[in-house]
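Working notes for the structure below.
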Amino acid sequence: MLTLNQIRGNSDFVINRLKVKNFNASKIVLQIIDLDKKRRQIQADTNSLENDLNSFSKNIGLLFRQGKTDEANKLKENTIVLKKKIKELNQQLNDSNSLLDNLVVQLPNLPHESVPKGKSPEENIKIREGGTFPELKGKALPHWELAAKYKLIDFELGNKITGSGFPLYIGKGAKLQRALINFFIDENQSAGYEEVSPPLVVNEDSGFGTGQLPDKEGQMYHIALDNLYLIPTAEVPVTNIFRNMILEEKDFPVKKTAYTPCFRREAGSYGKDVRGLNRLHQFDKVEIVQIQHPEVSYNTLEEMVLQVESLLQKLNLPYRIMHLCGGDMSFASALTFDFEVYSAAQKKWLEVSSVSNFESFQANRLKLRFRDKNSKKLVLAHTLNGSALALPRLVAALLENNQTDEGIRIPEVLHDYTGFNQIS
RNA sequence: GGAGAGAUGGCCGAGUGGUCUAAGGCGCACGCCUGGAGAGCGUGUUACCGCCUAAAGCGGUACGAGGGUUCGAAUCCCUCUCUCUCCGCCA
């Protein structure tokens, strides 16, 4: 959520920046500025009346203690009108405040100045690519056929147990999941991220803190009886560790990594794009999160991009890094880099990671601040996160790209984790 | 699931209707003292909103959350949330 300070006095700037995200903010911004002015006037009036009431009360107490009951009772009469007026004004103030909140919450985060204009993923800009493309003999099988052939994943059984989008991993398929998770966490740990293992369900406040609520509730599984939500990503519980916190500058950088299953309702399209592991309701992901000083958060973003890149390099997968255009960015992000791996059989790029700087957008909702060393004032911190990495599509590419006549080769870095170097 | 107790500032903890922003202690910051450190002494130490160009200053709000009673609520009443203890059940 943007701060009122960001909007007040910068309305043109805000409106123009949001155009990059194809968001027409002019109407809302004007409403906000108007309402904010009104709200402040109401508050000034209310405060002054409350001040009057307080001094009346003090005097009444004083008179009672002096035994001047008649005078006190006379003063009491004065407070009746005052109280009624204050009550009305307070009602107005509350109304204005919640109206204002409702408006501000609708504004997406401002995109960073480097964000390219564009409406769709086609307009994302490739930063660089790496890894080597596989040279496959004969016809490459898609991962869902490989998964069936080698009995790694049973989509039908997942269907039977739960429904579509909930695969059952079996044998070496299951072991491969664990191997990847452990590999990623170990790598992130060596890069200075502390491992945490958070709750997989969160309350409403947490959902709001990272921006899933309100608006995007349809994307999360909701447990109505307890009003809790299944996490769509570890970002939610991990970032919410810092809700309502005041950090010191010496605490920076805060670096956490977490493995969690992720649950997404998202009723996507059907057909080829969602076959096999391409889109699931439940999947595994290792996340990295950083809390940083605003002055250096973009260096941190770069550092996180390199961390994710190193994972893909070690797995020896062909990948590319995309600078997302305004239209393809998430609501809360100021700058996002997507990582895609090439799937040899499907002949397309699959997104396996998204690394973003949210600047103070989440911090404002979370009330995550730090004390500035020089000014001694409280300042909103910057939050960043990225997948390092999400498993399903990575596994898809891994299976497809490494298939041979003898079986599927496992990347060397995983051998210690899997205990086998080939699936056959 | 049953019974009971509780929630006060960064932490501990006092406070059962008025001068309570809230005693006392710890911690922290600064100063004095010291060769240096410690002890000791002194001073300071919540956040949010509003007024003010800003600072200073002033006003308002907040004692788990929300509502109520009252001229006045940390204190009384109602609802909710959470924590702890005991019993039961249990991975």
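Between Asn244(A) and Leu366(A), the closest side-chain pair of non-hydrogen atoms is not below 4.5 Å.
Taking atom P on both nucleotides, rG60(B) is separated from rU8(B) by 26 Å, rounded to a whole Å. rC87(B) and rG10(B) have their C1' atoms separated by 37 Å, given to the nearest Å. To the nearest whole angstrom, the two C1' atoms, one in rC80(B) and one in rG24(B), are 34 Å apart. Comparing rC78(B) with rC86(B), their C1' atoms sit 28 Å apart, to the nearest whole Å. Atom C1' of rC20(B) sits at a distance of 15 Å from the matching atom of rU61(B), rounded to the whole Å.
Between Phe252(A) and Phe370(A), the ring planes are perpendicular. Angles over 60° get that label, and only those under 30° would be called parallel. The aromatic rings of Tyr298(A) and His112(A) are tilted relative to each other, their planes meeting at an angle between 30° and 60°. Aromatic ring pairs are classed by plane angle as parallel below 30°, tilted from 30° to 60° and perpendicular above 60°; the pair His323(A) and Phe337(A) is tilted.
As the counterpart of rA56(B), no nucleotide is assigned, since no Watson-Crick or G-U wobble pattern has both distances under 3.5 Å. With a 3.5 Å ceiling on both atom-pair distances, the Watson-Crick or G-U wobble partner of rG31(B) is rC41(B). Across all strands shown, nothing is found opposite rU69(B) as a Watson-Crick or G-U wobble partner with both distances under 3.5 Å.
Mapping Arg39(A) and Asp52(A) onto RNA chain B by nearest heavy atom places Arg39(A) closer to the 5' end of the strand. Comparing Arg371(A) and Lys58(A) by the nucleotide of RNA chain B that holds the closest heavy atom to each, the one mapping nearer the 5' end is Lys58(A).
For the pair Asp70(A) and Lys74(A), the salt-bridge criterion is not met [side-chain N within less than 4.0 Å of a carboxylate O].
For the atom pair CD (Gln290(A)) and CD (Gln307(A)), the distance works out to 9.5 Å, reported to the nearest 0.5 Å.
At a threshold of 4.0 angstrom between heavy atoms, the contacts of Asn54(A) are confined to the sugar-phosphate backbone, with no base atom among them. As judged by a 4.0 angstrom heavy-atom cut-off over every strand, Ser57(A) is placed among the base-contacting residues.
Extent of RNA chain B lying under 4.0 Å from chain A heavy atoms, first and last nucleotide in 5' to 3' order, is rG18(B) to rG72(B).
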